[in-house]
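These notes are about the structure you will find just below.
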Amino acid sequence: MAISVRIPASLRTLTQGKEEVAAEGATVRAALDQLDKTHPGIKERLVDDKGVKRFMNIYLGDEDIRFLDALDTPLKDGDSLTIVPAIAGG
Amino acid sequence: MSARVVLVGLGGIGHPCALALAQCADISLVFLDDDRVERSNLHRLPAFAEQHIGRYKAEALCEVLAPSAKAGLSVATERLTPETAAAAIAGASVVVEGSDNFATKFLVADACALAAVPSVHGAAIAWTGTALSVRPKQSACYRCLFEDLPEGESLDCSSAGIFAPVTALVGALMAQATRDLLAHKPSLAGTITRFDARDGSFRRHVVRRRHDCALCGDMPSILSIDRARYLAPTCAMGASP
């Protein structure tokens with residue numbers, strides 16, 4: 001499944017400044033695994049052994065994947081993931 | 001009797017929010033910030049100029065706004081701490097949190113939830129800004145969105161910088177959210193609004209209440225303010241994206 005992932009400003013150092021990158025996978029977990037191969041280090045910024053990190057959110061469309069099947073949430077072609085981290089600037 | 005709005009943090013996002021709310025005749029504003037104006041702040045604090053450098057942001061802003069403000073203005077040049085939080089927000093109709101560090105954000109979120117005071121939380125980093133308003137017991141809270149303080153690796157404005165216009169826009173969003181909460185409108189409470197200056201896009205995500213939220217869930221574990229929960233580094237100012 002070919003999807004797009006919107007990258008927040010705080011993680012764009014890992015995507016060469018790109019705000020949106022492509023990924024592939026049948027689930028969110030698989031997509032993040034694939035994304036980590038093209039953009040090493042990004043997965044560990046998003047998830048730990050318990051799942052999505054507690055100060056991160058990953059949305060599939062408009063829905064938080066925690067309220068779907070978390071990292072096992074299935075994906076279909078054209079889906080869009082959005083990463084929303086806690087930020088504290090001001 | 002006017003609504004009492006407490007603004008915690010008068011930096012890049014709290015400052016423009018204060019400029020907007022100061023024109024509301026039906027509220028009284030309390031400016032709470034222990035920070036002083038620095039030269040590197042001036043590009044995102046439009047009411048200030050050279051002569052304000054070194055002064056308390058809260059005092060200087062009150063002085064600048066007083067001649068034209070329709071809202072009542074008062075000042076506290078002290079840092080919000082776990083020991084002072086409950087008293088600082090007591091009697092508030094809404095607390096507007098525009099601080100630059102996670103410890104204060106979570107402290108305000110917790111203190112407001114425990115006191116059943118609505119709150120508005122804003123943040124900005126690099127090209128992105130966010131605003132979230134919270135209506136206790138009715139909408140998702142800040143901890144429904146972010147469970148706890150980041151563990152050292154999150155970027156802040158000292159490492160990613162801030163594009164100044166983003167802070168002004170977030171301040172405007174926060175002011176509008178405050179008005180909506182005060183008017184008891186079926187507002188965007190529980191919805192996080194995100195702005196990305198690179199493509200000028202706004203996106204909104206509904207934040208669902210978590211049944212296992214430590215603050216507002218079915219079996220909350222946060223029942224009081226405990227200093228140990230709010231240990232995190234602060235954000236140095238002045239970087240550019």
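Chain identifiers are assigned alphabetically (A, B, ...) following the order of the sequence lines, protein sequences preceding nucleic acid strands; residue numbering begins at 1 within each chain.
Looking at heavy atoms from C-beta onward, B:Val206 lies out of side-chain contact with A:Phe67 at the 4.5 angstrom threshold. Side-chain contact check for A:Asp64 versus B:His205: every heavy-atom pair is 4.5 Å or farther apart. Side-chain atoms of B:Arg210 and A:Arg66, non-hydrogen and from C-beta on, do get closer than 4.5 Å to each other.
Ion pair A:Arg6/B:Asp199 flagged as a salt bridge, since at least one NZ, NE, NH1 or NH2 atom sits closer than 4.0 Å to an Asp/Glu carboxylate oxygen. For A:Lys53 and B:Glu147, the salt-bridge test fails: no basic side-chain N is under 4.0 Å from an acidic carboxylate O. Taking the charged nitrogens against the carboxylate oxygens, A:Arg12 and B:Asp196 do have a contact shorter than 4.0 Å, which makes a salt bridge.
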Ignoring hydrogens and angles, write down the donor-acceptor pairs under 3.5 Å from the side chains of residues 23-30 of chain A, residues two or more places apart or on other chains.
residue: A:Thr27; atom: OG1; partner: A:Arg29; partner atom: N; Å: 3.4
residue: A:Thr27; atom: OG1; partner: A:Ala30; partner atom: N; Å: 3.1
residue: A:Arg29; atom: NE; partner: A:Asp72; partner atom: OD1; Å: 3.3
residue: A:Arg29; atom: NH2; partner: A:Asp72; partner atom: OD1; Å: 3.1

Checklist entry - side chain to side chain contact (heavy atoms under 4.5 Å, CB included) between B:Phe146 and A:Ile87: does it pass, once the steps are laid out? => result CA-CA 10 Å; B:Phe146 304 117; A:Ile87 59 174; over 6 Å; no
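Across all their heavy atoms, A:Phe55 and B:Asp148 have their closest contact at CB-O, 3.7 Å.
Contact annotation for B:Arg194: only side-chain heavy atoms (C-beta onward) come within less than 4.5 Å of a heavy atom of chain A. At a 4.5 Å heavy-atom cutoff, the contact between B:Ser201 and chain A is made by side-chain atoms alone. Within the 4.5 angstrom heavy-atom criterion, only backbone atoms of B:Ser99 (N, CA, C, O) approach chain A. Within the 4.5 angstrom heavy-atom criterion, atoms from both the backbone and the side chain of B:Leu145 approach chain A.
Listed options B:Lys105, B:Arg204, B:Arg208 were ranked by heavy-atom pairs under 4.5 angstrom with chain A; first place goes to B:Arg208.
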